[in-house]
Amino acid sequence: MEVRTRFAPSPTGYMHIGNLRTALYSYLHARKNKGKFILRIEDTDQARLVADSIRVIYDSLAVTGLEHDEGPDKGGPVGPYVQSERRAIYKEYAERLLSEGHAYRCFCEKDEKTEKQPDEEQEGPLLGYDGRCNRLSEAEVKENLAKGRPYVIRQKIDREGQTSFNDFVYGLITVDHKQLDDQILLKRDGYPTYNFANVVDDHLMGITHVMRGCEYISSTPKYILLYRAFGWSIPEHIHLPHILNEAGRKLSKREGSVALSDFLEKGYLPEAILNYIALLGWNPGTEQEYFTKAGLVEKFDIARIGRSPAIFDEKKLSWLNGQHLKAMKPEDAHKLFLKFYPEKIVTALDVRKLSGLIQSKVEKPADILGMVSFLSELDEYPMELFVNKKNKTTPESSRAVLTDLKSILSGLTSWEYAVIYAAVNSCAEAKGSKIGPIMWPLRIALSGLAVTPTGAIEIAELLGKDETLRRISVGIGKL
RNA sequence: GCCCCCAUCGUCUAGCGGUUAGGACGCUGCCCUUUCAAGGCAGAGAUCAGGGGUUCGAAUCCCCUUGGGGGCGCCA
């Protein structure tokens, strides 16, 4: 049987990174098995519709390359792929359940106190609906209907017994019916609940593998009961462990980055993001960690999805991003870096050359500004930077070196790497010194920083002769 | 409160009855070098949450405890 997976997001206005991982796994499983990956929009909550958020979903899938085979924008044999356009379908199936005795109309008011009373003397009444409308006589139902009283349709669940299902990653899950309640299938406004629409759509769309967050585990038995009531075969259920933040809590908008767009803005590459989140809850069984998207498709296997929650570690993402950045074509890296260079530098320097110099050093493009801003603006820096133990530099030696360098460099008629290097090197030879003690003060004078993304000669070349000499003078002035 | 799930270095993880408990990020040091970085190498870091069993033998199987997460919506 052909594998068919789906990604079924709600239009919330942003792409949660945990959601993206669900999409990724669904995509990978479909591609790996030469199956189909379907996009379905779950917009059944009219109160929470966020304008234009379907766009966000399309854009997210496009930028990460998780192309779907069927969906609202692409069509397909089992559409429509937007739930709000499938209301007639849900109504039809809800009525079928009604007529076959698996569901009933409930006329209770929204705010009515209708919680199931606990069997024993328990504390909370938190057991859901008590099923009172299930006990309405036929005459009462007819009367309510005649009066035009609004109603919802609820699933009828026996209070006795238990229901199990075999989750592909969590194994056998059994829930006692006492824990279940007669959940709403069709809301008063005619829209289905997630619980109902999901089952109907997954069946009608021929989904073979249902992947979703593990928060749905507890309610899956209700869905199983629905499948059985309809006489439908049950797809494979693959629940995924959560991704947590550093505090060990659910990734939330309040605490740091959660949306794909947050990471994209920092300059993380879509492929690096995919690579990283793929590893949060899955591993290839080998020691490989660097994966291109194609590599993931090749190696992905749902059998190696884990069960324990993972904490999102941006440091590792950053490292992985650096790996992907190194593998990029220089011109592509340059194009990306260009978005992060300050205007002043773009106009004043050979940024193409700069990109080439820093490509292997950058991990997170958002850090670029801090790495290169010294090139356009020499900030105040402490004289102590000239002191370096390893190179045995002191303020005195630095002053001497800079003074020599100033006169040697000012005499140069050409300003390119080899020429500058030769000049600096001759200065070292004249002093009978290694090159380190010369380079150190030069680099400090040119950057005012203990740490720079590239060496002294490269900086001098980038800066140009005039600015280089000016900065050397500034340095001498400090010593 | 009731139910479900999870538990190996700080973090991501390998492990699926017998291993010196492996790898990666991060951290530390060394080498290389034109400083830092990058790269190469090395090191520190896990009484496998705790306690009981089962077994000749348990990180691996079972039970309890603890900790964490999730569910109990006319949200998804």
Side-chain angles (χ1 to χ4, degrees), chain A residues 8-10 12 42-45 47-48 106 108-110 115-116 118-120 122-129 150-154 167 170-171 173-176 178-181 183-189 191 193-195 197-198 212-221 239 241-242 244 246 248-250 276 279-290 306-313 315-320 322 326 358-362 371 385 388 390-391 393 421 424-425 428 434-444 447 449-458:
Chain A
S10 287
T12 55
E42 311 226 326
D43 60 342
T44 56
D45 188 352
R48 291 195 198 187
C106 169
C108 293
E109 290 302 320
K110 273 187 194 179
E115 286 94 355
K116 230 198 279 187
D119 294 340
E120 287 130 46
Q122 287 165 344
E123 281 294 307
L126 308 161
L127 288 168
Y129 185 66
Y151 61 87
V152 299
I153 294 178
R154 286 183 185 273
D167 187 272
Y170 287 95
I173 306 282
T174 302
V175 171
D176 205 291
K178 285 197 199 66
Q179 296 301 322
L180 272 24
D181 79 326
Q183 66 173 345
I184 292 175
L185 268 19
L186 220 53
K187 298 185 259 192
R188 197 180 283 226
D189 63 6
Y191 280 86
T193 57
Y194 166 89
N195 306 309
N198 238 263
R212 50 156 85 116
C214 66
E215 67 270 25
Y216 293 105
I217 286 186
S218 300
S219 33
T220 299
H239 286 98
H242 283 140
L244 276 21
E246 273 182 74
R249 281 188 295 273
K250 214 163 146 182
Y276 179 67
L279 261 15
L280 254 27
W282 171 83
N283 75 81
T286 63
E287 278 169 5
Q288 183 180 358
E289 293 204 296
Y290 177 89
R307 283 182 296 275
S308 44
I311 291 173
F312 192 97
D313 178 15
K315 283 225 184 71
K316 187 149 186 182
L317 199 214
S318 188
W319 170 78
L320 210 41
K326 282 193 190 85
I358 67 174
Q359 185 177 353
S360 67
K361 279 101 180 168
V362 175
M371 287 168 75
L385 281 183
N388 180 261
K390 218 171 146 186
N391 285 307
T393 59
Y421 183 84
V424 171
N425 197 233
K434 281 184 158 180
I435 203 157
I438 310 297
M439 289 295 187
W440 180 270
L442 212 215
R443 195 180 58 86
I444 297 301
S447 68
L449 296 170
V451 179
T452 51
T454 175
I457 307 292
E458 287 91 342

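Each chain gets a letter, A, B and so on, in the order its sequence line appears, and its residues count up from 1.
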Response to the item:
Here the distance between atom C1' of G73(B) and atom CD of Glu109(A), to the nearest Å, is 16 Å
Worksheet, complete the sentence: Atom CD1 of Ile457(A) and atom P of C36(B) are separated, to the nearest Å, by 16 Å
Response to the item:
The side-chain hydrogen bond (donor to acceptor under 3.5 Å, both in side chains) partners of Arg188(A) (sequence neighbours excluded) come to none
Response to the item:
As its Watson-Crick or G-U partner within any shown strand, both distances under 3.5 Å, G1(B) has C72(B)
Item to complete: Would you indicate what Gly436(A) reaches in the nucleic acid, counting non-hydrogen atoms under 4.0 angstrom: base, sugar-phosphate, or nothing?
Response: nothing
Practice prompt. Under the side chain to side chain contact (heavy atoms under 4.5 Å, CB included) rule, collect the residues that match up with His239(A), sequence neighbours excluded.
Written response: Phe165(A), Asp167(A), Tyr170(A), Arg212(A), Cys214(A), Tyr216(A), Ile217(A), Thr220(A), His237(A)
Practice prompt. For U8(B) and G15(B), measure between their C1' atoms and round to the nearest Å.
Written response: 9 Å
Worksheet item: At under 4.0 Å between heavy atoms, what does Leu280(A) touch on the DNA or RNA strands: base, sugar-phosphate, or nothing?
Response: sugar-phosphate
Fill in: Annotated protein contacts, base or backbone, on nucleotides 15-32 of chain B with a non-hydrogen cut-off under 4.0 Å, one of B, S, - each
S------SBBSS------
Discussion item. Please report the distance, rounded to the nearest Å, between CG in Asp181(A) and P in C75(B).
Written reply: 14 Å
Practice prompt. Indicate yes or no: at least one non-hydrogen side-chain atom of Leu244(A) is less than 4.5 angstrom from one of Arg249(A).
Written response: no
Worksheet, complete the sentence: All heavy atoms of Pro437(A) vs all of Pro441(A), minimum pair found to be O-CD, 3.0 Å
Worksheet, complete the sentence: Of the candidates A76(B), G70(B), C74(B), the side chain of Asp45(A) sits closest to A76(B)
Worksheet item: Mind checking the P distance from A21(B) to A46(B)? Whole angstroms is fine.
Response: 13 Å
Practice prompt. Quote, to the nearest angstrom, the C1' distance that separates C3(B) from U19(B).
Written response: 39 Å
Practice prompt. For the residue pair Val424(A) and Ile457(A), establish whether any side-chain heavy-atom pair is separated by less than 4.5 Å.
Written response: yes
Item to complete: Using a 4.0 Å heavy-atom cut-off across all strands, classify Ser10(A) as base, sugar-phosphate, or nothing.
Response: sugar-phosphate
Worksheet item: When we call it a touch if two heavy atoms are under 4.0 Å apart, what does Gly281(A) touch: a base, just sugar-phosphate, or nothing?
Response: sugar-phosphate
Worksheet item: Among all residues two or more places apart in sequence or in another chain, which pass the side-chain hydrogen bond (donor to acceptor under 3.5 Å, both in side chains) test with Ser219(A)?
Response: Tyr223(A)
Item to complete: State which residues pass salt bridge (charged side-chain N to carboxylate O under 4.0 Å, His left out) with Glu42(A); sequence neighbours excluded, sorted by chain then number.
Response: Arg40(A)
Fill in: For A7(B), the Watson-Crick or wobble partner whose two distances fall under 3.5 Å
U66(B)
Fill in: Watson-Crick or G-U wobble mate for C16(B), both contacts under 3.5 Å
none
Practice prompt. Check the distance between U33(B)'s P and Trp440(A)'s CH2 and give it to me in whole angstrom.
Written response: 17 Å
Worksheet entry | Lys316(A): salt bridge (charged side-chain N to carboxylate O under 4.0 Å, His left out) partners, not counting sequence neighbours | Glu289(A)
Discussion item. Would you measure the distance from the P atom in U60(B) across to the matching atom in U47(B) and give it in whole Å?
Written reply: 15 Å
Practice prompt. Please work out if Ala310(A) contacts a base, only the sugar-phosphate, or nothing of the nucleic acid, heavy-atom cut-off 4.0 Å.
Written response: sugar-phosphate
Response to the item:
Assign each of Leu449(A) and Val152(A) the nucleotide of RNA chain B bearing its closest heavy atom; nearer the 5' end lies the nucleotide of Leu449(A)
Response to the item:
Regarding the side chain of Glu215(A), the nearest nucleotide among C74(B), C75(B), A76(B) is A76(B)
Practice prompt. Quote, to the nearest angstrom, the C1' distance that separates A59(B) from A14(B).
Written response: 12 Å
Fill in: Rounded distance in Å - CD (Glu458(A)) to C1' (C36(B))
12 Å
Item to complete: Under 4.0 Å between any heavy atoms, over every strand shown, what does Tyr216(A) touch: base, sugar-phosphate, or nothing? Just pick one.
Response: base
Worksheet item: Checking all strands, does Asn198(A) fall into the base, sugar-phosphate, or nothing category for heavy-atom contacts under 4.0 angstrom?
Response: nothing
Worksheet item: Hey, does Thr44(A) reach any base, or is it just sugar-phosphate, or nothing, if we go heavy atoms under 4.0 Å?
Response: sugar-phosphate
Practice prompt. With sequence neighbours excluded, tell me which residues meet side-chain hydrogen bond (donor to acceptor under 3.5 Å, both in side chains) with Arg307(A).
Written response: none
Item to complete: Using only side-chain N and O atoms of Lys361(A), determine if any of them is under 4.0 Å from OP1 or OP2 of G39(B).
Response: no
Practice prompt. Check the pair Ile435(A) / Tyr421(A) against side-chain contact (heavy atoms from CB on, under 4.5 Å), numbers first and verdict last.
Written response: CA-CA 10 Å; Ile435(A) 203 157; Tyr421(A) 183 84; 3.6 Å; yes
Worksheet entry | Span that lies between the C1' atom of G70(B) and that of U55(B), in whole angstrom | 35 Å
Worksheet item: What distance, rounded to whole Å, do you find between the two P atoms, one in G43(B) and one in G22(B)?
Response: 11 Å
Discussion item. So Tyr276(A), base contact, sugar-phosphate only, or nothing? Heavy-atom distance under 4.0 Å.
Written reply: nothing
Worksheet, complete the sentence: Taken to the nearest whole Å, NE2/His242(A) to P/C12(B) is 15 Å
Worksheet item: OP1 or OP2 of U33(B) less than 4.0 angstrom from a side-chain nitrogen or oxygen of Lys434(A), does that happen here?
Response: no
Worksheet item: Taking the P atom of each, how far is G52(B) from U13(B), in whole Å?
Response: 30 Å
Worksheet, complete the sentence: In terms of heavy-atom contacts, Ser360(A) and Lys326(A) come closest through O-CE, 3.3 Å
Item to complete: Kindly indicate whether the side chain of Asp45(A), heavy atoms from C-beta on, has any atom under 4.5 Å from the side chain of Tyr191(A).
Response: no
Worksheet item: Who does G43(B) pair with, Watson-Crick or G-U, both distances under 3.5 Å?
Response: C27(B)
Worksheet, complete the sentence: By nearest-heavy-atom nucleotide on RNA chain B, the more 5' of Asn195(A) and Val451(A) is Val451(A)
Worksheet item: Sequence neighbours excluded, which residues qualify as side-chain hydrogen bond (donor to acceptor under 3.5 Å, both in side chains) partners of Glu215(A)?
Response: His242(A)
Might you list the N or O atoms of the protein lying below 3.5 Å from N or O atoms in nucleotides 3-7 of chain B, with each pair's distance?
from: C3(B); atom 1: O4'; to: Gln179(A); atom 2: OE1; distance (Å): 3.1
from: C3(B); atom 1: O4'; to: Gln179(A); atom 2: NE2; distance (Å): 3.1

Worksheet item: Can you check the Leu185(A) CG to C75(B) P distance for me, whole Å?
Response: 13 Å
Worksheet entry | Spacing between Ile184(A) atom CD1 and A76(B) atom C1', to the nearest angstrom | 14 Å
